[in-house]
Amino acid sequence: MRIHIATDHAGLELSQFLQDHLRAAGHDVVDHGPAEYDALDDYPAFCINAAKAVVRDQQAGVDALGVVFGGSGNGEQIAANKVVGVRAALVWNLSTAQLARQHNDANVISIGARQHSTDEAVSFIDAFIAEPFSLEERHARRIAQLAEFEATGTIADKHVDA
């Protein structure tokens, strides 16, 4: 599987470790930055580029997921979710990593590099990658509603305020 990774300065050391871990597990890893430590760097472009690459790959039929992280993971998740077609979930334990895929068919996860040990982050990412989408009708229906809103600004037969 192709894994797109992006971070900010807070996650740079973790990013380098994770890339090695994922490559050793047989994944094709694409690093979207940053390339070097800069305490004043801005994460949005890195995360948006990773998210766009995930969507582009998935639309081309490539098995791809994304991992973005920073100090808390919050801003990185927000940035990734600005990309049409991305469902980025902030994960903080194994259950949220698994449910992000199983119930939400998340294609990107975000992790707070300052919130977790390296071992925890690795376990979340490995669980996320390994977990398939459940394909349950209720989950597929909800994801379709989100995609419809993203494309049209409304959800047919649902009350969405203007």
Side-chain angles (χ1 to χ4, degrees), residues 1-8 10-33 43 46-151 155:
M1 177 171 301
R2 184 170 296 152
I3 309 296
H4 294 276
I5 290 186
T7 186
D8 70 356
L12 187 59
E13 186 175 319
L14 177 60
S15 176
Q16 293 164 341
F17 178 86
L18 289 172
Q19 289 180 53
D20 291 342
H21 167 77
L22 292 168
R23 285 186 181 105
H27 298 290
D28 174 17
V29 179
V30 181
D31 181 8
H32 293 273
Y43 61 83
F46 302 131
C47 296
I48 288 168
N49 286 336
K52 287 175 75 171
V54 168
V55 171
R56 191 169 44 250
D57 277 352
Q58 289 181 336
Q59 289 174 342
V62 176
D63 284 335
L65 294 171
V67 179
V68 297
F69 40 94
S72 70
N74 286 307
E76 294 76 18
Q77 176 202 24
I78 292 167
N81 274 321
K82 297 299 180 186
V83 175
V84 173
V86 167
R87 290 174 306 283
L90 179 66
V91 301
W92 59 90
N93 60 26
L94 281 175
S95 178
T96 57
Q98 293 165 325
L99 289 171
R101 291 283 300 138
Q102 192 179 88
H103 289 189
N104 306 111
D105 198 18
N107 50 8
V108 175
I109 58 168
S110 185
I111 298 172
R114 292 182 176 149
Q115 313 301 315
H116 304 285
S117 70
T118 300
D119 287 344
E120 287 173 325
V122 167
S123 71
F124 303 163
I125 293 165
D126 287 348
F128 173 74
I129 292 169
E131 191 69 33
F133 176 51
S134 71
L135 298 174
E136 288 183 34
E137 189 278 331
R138 65 188 172 122
H139 300 306
R141 181 181 69 242
R142 294 166 185 161
I143 293 165
Q145 289 174 10
L146 293 170
E148 179 182 356
F149 181 80
E150 189 174 58
I155 302 171

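Starting from 1, each residue takes its place in the sequence as its number.
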Beyond-backbone contact of [X] with [Y], side-chain heavy atoms, under 4.5 angstrom:
| X | Y | value |
| --- | --- | --- |
| Leu65 | His4 | no |
| Phe133 | Asn104 | no |
| Asn93 | Glu120 | no |
| Ile111 | His116 | yes |
| Ile5 | Leu22 | yes |
| Phe69 | Leu18 | yes |
| Thr7 | Tyr43 | no |
| Val68 | Val108 | yes |

Write down the atom of [X], the atom of [Y], and the distance for their closest heavy-atom approach.
| X | Y | result |
| --- | --- | --- |
| Gln19 | Val29 | CG-CG1, 3.7 Å |
| Ala100 | Ile109 | CB-CG2, 4.5 Å |
| His32 | Ala6 | CB-CB, 4.1 Å |
| Ala79 | Ile48 | O-CG1, 3.5 Å |
| Val83 | Glu150 | O-OE2, 4.0 Å |
| Leu94 | Ser123 | CD2-O, 3.4 Å |

Expected output: side-chain [X] to main-chain [Y] donor-acceptor under 3.5 Å:
| X | Y | value |
| --- | --- | --- |
| Ser134 | Gln102 | yes |
| Thr96 | Trp92 | yes |
| Gln115 | Gly71 | yes |
| Asn81 | Ala88 | yes |
| Arg87 | Asn107 | no |

Out of curiosity, [X] [atom1] to [Y] [atom2], how far, rounded to the nearest 0.5 Å?
| X | Y | atom1 | atom2 | value |
| --- | --- | --- | --- | --- |
| Arg138 | Ile143 | CZ | CD1 | 11.0 Å |
| Asp105 | Glu131 | CG | CD | 11.0 Å |
| Phe149 | Gln145 | CZ | CD | 12.0 Å |
| Ile78 | Ser110 | CD1 | OG | 9.0 Å |
| Lys82 | Cys47 | NZ | SG | 13.0 Å |
| Phe124 | Ser95 | CZ | OG | 10.5 Å |

I want to check a possible cation-pi pair here: Arg101 against Phe128, using under 6.0 Å from ring centre and within 45° of the ring axis as the test. yes

Would you call the rings of His139 and His103 parallel, tilted or perpendicular if under 30° counts as parallel and over 60° as perpendicular? parallel

Would you check, one step at a time, whether the test side chain to side chain contact (heavy atoms under 4.5 Å, CB included) holds for Asp28 with Met1? CA-CA 6 Å; Asp28 174 17; Met1 177 171 301; over 6 Å; no

Check: Asn74/Ser72 side-chain N/O donor and acceptor closer than 3.5 Å: yes

Arg2 bridged to Asp63 by N-O distance under 4.0 Å: no

Could you go through Gln58 and Val54, starting from their C-alpha distance and side-chain angles, then the distance that decides it, and tell me whether this counts as side chain to side chain contact (heavy atoms under 4.5 Å, CB included)? CA-CA 6 Å; Gln58 289 181 336; Val54 168; 3.8 Å; yes

Verdict with reasoning, Val67 to Ile3, per side chain to side chain contact (heavy atoms under 4.5 Å, CB included): CA-CA 7 Å; Val67 179; Ile3 309 296; 4.0 Å; yes

